[in-house]
Amino acid sequence: MKRIGKLCACLSVLGAAAAMAATPDWEALGKRWWAHVQYLADDKWEGRDTGSAGYEMAAAYVTNKFKSAGLQPAGTDGYAQPVRFQVAQTDESESSIALTLETKTQQLKLGEDAFFNPHADGDATITAPAVFAGYGLSVPELKYDDFAGLDTKGKFVIYITGGPASMPTEIKAHYQSRDERLKALKKSGAIGTGSIPNPKAAEVPWSRTAGARLEPRMELSDLGVAGEPSLPISMVFNPAHAENLFAGSGHTFQEVLDAMNADKPLPRFPLAVTIRARVKVKTSETKSENIIGVLPGSDAKLSKEYVVVSAHLDHLGIGEPVNGDKIYNGAMDDASGIASLIEIARGIKESGAKPKRSILFLAVTGEEKGLLGSRYFAEHPTVDRKNIVADLNMDMFLPLFPLKYLEVQGLNESTLGEDVRAVCEAAGVQVQADKQPDHNRFIRSDQYSFIRKGVPALAFKFGWVPGTAEEKKFNDWYKERYHGPADDLSQPVDLAAAAQFNAILEKLALRVADEAQRPAWKSESFFKRFAQ
Ligand SMILES: [Zn+2]
């Protein structure tokens with residue numbers, strides 16, 4: 001483990017004993033945080049896959065740490081809230097995708113050209129024409145509809161992920177969520193779908209996306225919570241091979257990319273190919289659990305309300321080997337967030353703070369399977385849902401360099417934005433809004449399960465200024481380590497900066513817990529509509 005932080009040097013220059021006493025020993029605090037990451041991301045837990053024995057061991061660790069931080073059990077079975085899952089895995093030996101143009105049929109190579117997103121409803125074989133629907137988005141309040149005037153009934157709808165540059169980030173993100181997409185696709189009469197990942201927003205090479213295709217997919221067994229049922233067939237196409245789909249249509253995929261890069265409306269048109277897709281799915285069931293502890297509030301009335309601080313404990317498990325390593329340790333994703341959860345609970349205990357509202361510490365399962373553990377919790381909260389006032393979610397905040405900027409997703413959506421600004425200002429850290437809206441981060445982690453239930457929420461990343469070494473470090477991390485076996489314990493992490501992040505989150509949680517008014521969505525926020 002190499003460090004980039006140089007905080008000890010700064011401290012020695014300070015000299016004055018008073019200043020020393022006032023400055024926390026970030027380095028030592030960072031080491032305590034890192035010890036949790038080291039435990040949770042150890043090879044022996046085999047990547048903490050939802051439902052695995054390794055996850056169970058990690059959950060036992062979190063339970064113990066919650067106990068020693070003085071948190072009360074707040075699950076349905078002690079600290080645990082059990083969650084049941086349906087598991088689906090594509091059997092590629094009996095699955096295929098073929099494109100037919102006039103009399104010529106081309107078999108696609110699964111994994112190279114395309115793959116299936118399987119779901120537990122099982123097997124399907126469909127032969128149908130296809131249509132290209134641009135971004136495949138339907139946004140009623142902006143009167144934006146990629147399906148308008150397009151004959152999509154009974155067809156495969158092919159779309160590229162993303163949305164027009166002019167569309168507000170959060171709206172674009174919301175309508176790209178699984179449920180909203182499915183609603184629009186079903187309304188269009190599509191019988192199957194194929195997405196082409198936007199190469200401009202690709203965080204990992206195709207090989208890594210495709211490498212994960214045979215990992216077990218999961219859905220919540222509780223159908224009341226599972227969300228919009230899937231379409232019978234859902235495929236993902238490699239953008240580098242996507243021209244095949246456009247052959248004979250009078251259009252090219254390059255034309256689509258050019259329009260996208262020039263921020264022009266995308267062409268939408270019938271494709272000339274007929275797609276024959278056959279998918280065979282192996283299904284099973286598994287169970288896992290969320291781990292939940294509460295620090296009871298001190299105020300007679302406000303203690304009935306809860307500020308949730310959350311992170312996800314699961315990661316991807318064992319997968320396609322990369323450079324001989326098949327364990328997806330998930331050190332940053334999201335052992336780092338769980339370690340912060342533990343350190344924040346411990347920090348509050350040691351500070352003796354007595355927040356007015358209760359603070360609920362939530363370690364969720366199934367995030368990597370589609371935010372499933374948090375979705376289950378948000379549907380079946382172990383405390384009264386109308387009393388959950390906020391969610392502060394920590395997922396892969398990436399302490400790769402000193403903490404000068406904190407990027408906050410959801411910054412301008414609720415009064416929590418003012419809270420995080422105030423706390424960061426006191427810490428000498430500048431707040432940034434989402435700099436990469438194409439990446440949809442506001443809906444891509446567990447905070448979204450709360451947002452959908454009307455709870456104001458924030459999520460966080462270490463911030464940077466474009467054109468700096470920090471930007472490169474941040475982007476390189478995605479390319480080299482995100483959702484790969486290299487997100488392990490042998491990566492450079494700035495421990496002191498991680499501890500400073502924890503201190504900011506701790507202060508933020510306490511501030512929100514102590515405020516007279518509970519947080520509220522801004523009147524102009526798109527997400528206000530979910531408030532109940
Ligand atoms: Zn992840």
Side-chain angles (χ1 to χ4, degrees), residues 88-119 121-137 146-162 181-182 184-199 206-207 209-211 213-214 217 230-260 266-282:
Q89 236 171 332
T90 309
D91 177 357
E92 284 194 350
S93 69
E94 297 199 50
S95 302
S96 59
I97 302 173
L99 308 181
T100 301
L101 182 60
E102 290 162 8
T103 56
K104 238 181 102 212
T105 295
Q106 180 197 6
Q107 287 291 336
L108 298 191
K109 195 151 189 292
L110 296 180
E112 267 176 42
D113 300 318
F115 60 84
F116 288 100
N117 275 328
H119 57 88
D121 289 343
D123 311 345
T125 303
I126 295 177
T127 304
V131 51
F132 180 70
Y135 293 114
L137 288 179
D146 280 328
F147 299 95
L150 216 53
D151 179 11
T152 48
K153 204 168 163 44
K155 296 185 178 169
F156 283 107
V157 169
I158 310 296
Y159 63 88
I160 186 161
T161 63
R181 271 207 182 283
L182 276 169
L185 284 161
K186 283 181 192 167
K187 203 171 150 218
S188 82
I191 49 157
T193 179
S195 66
I196 309 174
N198 176 353
W206 169 262
S207 61
T209 311
R213 74 193 186 278
L214 299 180
R217 303 296 171 100
S230 302
L231 285 169
I233 290 196
S234 164
M235 300 167 284
V236 179
F237 290 92
N238 183 351
H241 300 182
E243 285 301 353
N244 291 330
L245 286 164
F246 293 77
S249 68
H251 297 268
T252 63
F253 183 54
Q254 190 56 49
E255 179 190 334
V256 172
L257 291 176
D258 290 345
M260 197 171 69
L266 300 194
R268 300 173 295 118
F269 46 86
L271 294 167
V273 293
T274 297
I275 300 178
R276 180 178 193 275
R278 173 175 177 240
V279 61
K280 181 139 179 65
V281 182
K282 292 179 275 189

**OP:** Check Ile97 against Ala114 and note the closest heavy-atom contact, atom names and distance.
**Re:** CD1-CB, 3.9 Å

Subject >> Those residues that, when tested against His119, pass ring-ring contact (aromatic ring centres under 6.0 Å, His included) (two or more places apart) >> reply: none

Original post:
Which atom names give the shortest non-hydrogen contact between Pro197 and Pro239, and what distance separates them?
Top reply: O-CG, 3.5 Å

Subject >> Backbone of Gly111 reached by a side-chain donor or acceptor of Trp206 within 3.5 Å >> reply: yes

Original post:
How about Asn244 and Phe253: do any of their side-chain heavy atoms sit closer than 4.5 Å?
Top reply: no

Subject >> Nearest-0.5 Å distance that lies between atom CG in Asn238 and atom CG in Leu245 >> reply: 10.5 Å

**OP:** State which residues pass side-chain hydrogen bond (donor to acceptor under 3.5 Å, both in side chains) with Arg268; sequence neighbours excluded, sorted by chain then number.
**Re:** none

**OP:** Go through the structure and list residues passing side-chain contact (heavy atoms from CB on, under 4.5 Å) with Asp113, not counting sequence neighbours.
**Re:** Leu108, Lys109, His241

Original post:
Is the backbone N or O of Thr252 less than 3.5 Å from a side-chain atom of Glu243, with the two atoms forming a donor-acceptor pair by type?
Top reply: no

**OP:** Look at the side chain of Arg213 and the backbone N and O of Thr90, then say whether any donor-acceptor pair between them is shorter than 3.5 Å.
**Re:** no

Subject >> Nearest non-hydrogen partners of Pro199 and Ile160, listed with the distance >> reply: CD-CD1, 4.1 Å

Review item, side-chain donor-acceptor pairs of residues 186-195, under 3.5 Å, at least two apart:
from: Lys186; atom 1: NZ; to: Glu228; atom 2: OE2; distance (Å): 3.3
from: Lys186; atom 1: NZ; to: Pro229; atom 2: O; distance (Å): 2.4
from: Ser188; atom 1: OG; to: Leu185; atom 2: O; distance (Å): 2.7
from: Ser188; atom 1: OG; to: Ala190; atom 2: N; distance (Å): 3.3
from: Thr193; atom 1: OG1; to: Val157; atom 2: O; distance (Å): 3.2

Original post:
Which residues satisfy the side-chain hydrogen bond (donor to acceptor under 3.5 Å, both in side chains) test with Thr105, sequence neighbours excluded?
Top reply: Thr100

**OP:** For Phe147, enumerate each residue passing the ring-ring contact (aromatic ring centres under 6.0 Å, His included) test, keeping only those at least two apart in sequence or located in another chain.
**Re:** none

**OP:** Among residues two or more places apart or on two chains, list those pairs meeting side-chain hydrogen bond (donor to acceptor under 3.5 Å, both in side chains) that have a residue in residues 125-137.
**Re:** none

**OP:** Could you please spell out the steps behind the side-chain contact (heavy atoms from CB on, under 4.5 Å) verdict for Val279 and Ile233?
**Re:** CA-CA 8 Å; Val279 61; Ile233 290 196; 4.2 Å; yes

**OP:** For residues Ala259 and Leu266, report the shortest heavy-atom separation together with the two atoms involved.
**Re:** CB-CD2, 3.9 Å

**OP:** Report the residues that fulfil side-chain contact (heavy atoms from CB on, under 4.5 Å) with Ala247, sequence neighbours left out, ordered by chain and then residue number.
**Re:** Leu101

Subject >> Worked verdict on Ser95 versus Phe116 for side-chain contact (heavy atoms from CB on, under 4.5 Å) >> reply: CA-CA 9 Å; Ser95 302; Phe116 288 100; 3.9 Å; yes

Original post:
Pairs in or reaching into residues 269-281: which pass salt bridge (Lys or Arg N to Asp or Glu O under 4.0 Å), with residues at least two apart or in two chains?
Top reply: Glu94-Arg278, Asp123-Lys280

Original post:
Going by the angle between their ring planes, with limits at 30° and 60°, are Phe269 and His251 parallel, tilted or perpendicular?
Top reply: parallel

Subject >> Spatial distance of atom CD (Glu255) from atom CZ (Phe246) [nearest 0.5 Å] >> reply: 9.0 Å

Original post:
CG of Leu99 to CD of Gln107: how many Å apart, nearest 0.5 Å?
Top reply: 9.0 Å

Original post:
Which atoms form the tightest heavy-atom contact between Pro129 and Gly154, and what is the distance?
Top reply: CD-O, 4.4 Å

**OP:** Taking ring-ring contact (aromatic ring centres under 6.0 Å, His included) as the test, write out the residues that go with Phe156, two or more places apart.
**Re:** none

**OP:** Please check if the side chain of Gln89 supplies one atom and the backbone of Leu214 the other of a donor-acceptor pair under 3.5 Å.
**Re:** yes

Original post:
Got a donor-acceptor contact below 3.5 angstrom from the Asp146 side chain to the Leu137 backbone?
Top reply: yes

Original post:
Sequence neighbours excluded, which residues qualify as side-chain hydrogen bond (donor to acceptor under 3.5 Å, both in side chains) partners of Gln106?
Top reply: none

**OP:** Identify, with sequence neighbours excluded, every residue that meets side-chain hydrogen bond (donor to acceptor under 3.5 Å, both in side chains) alongside Asn198.
**Re:** none

Original post:
Can you name the nearest heavy-atom pair linking Ile275 to Ala130, along with the distance?
Top reply: CD1-CB, 3.8 Å

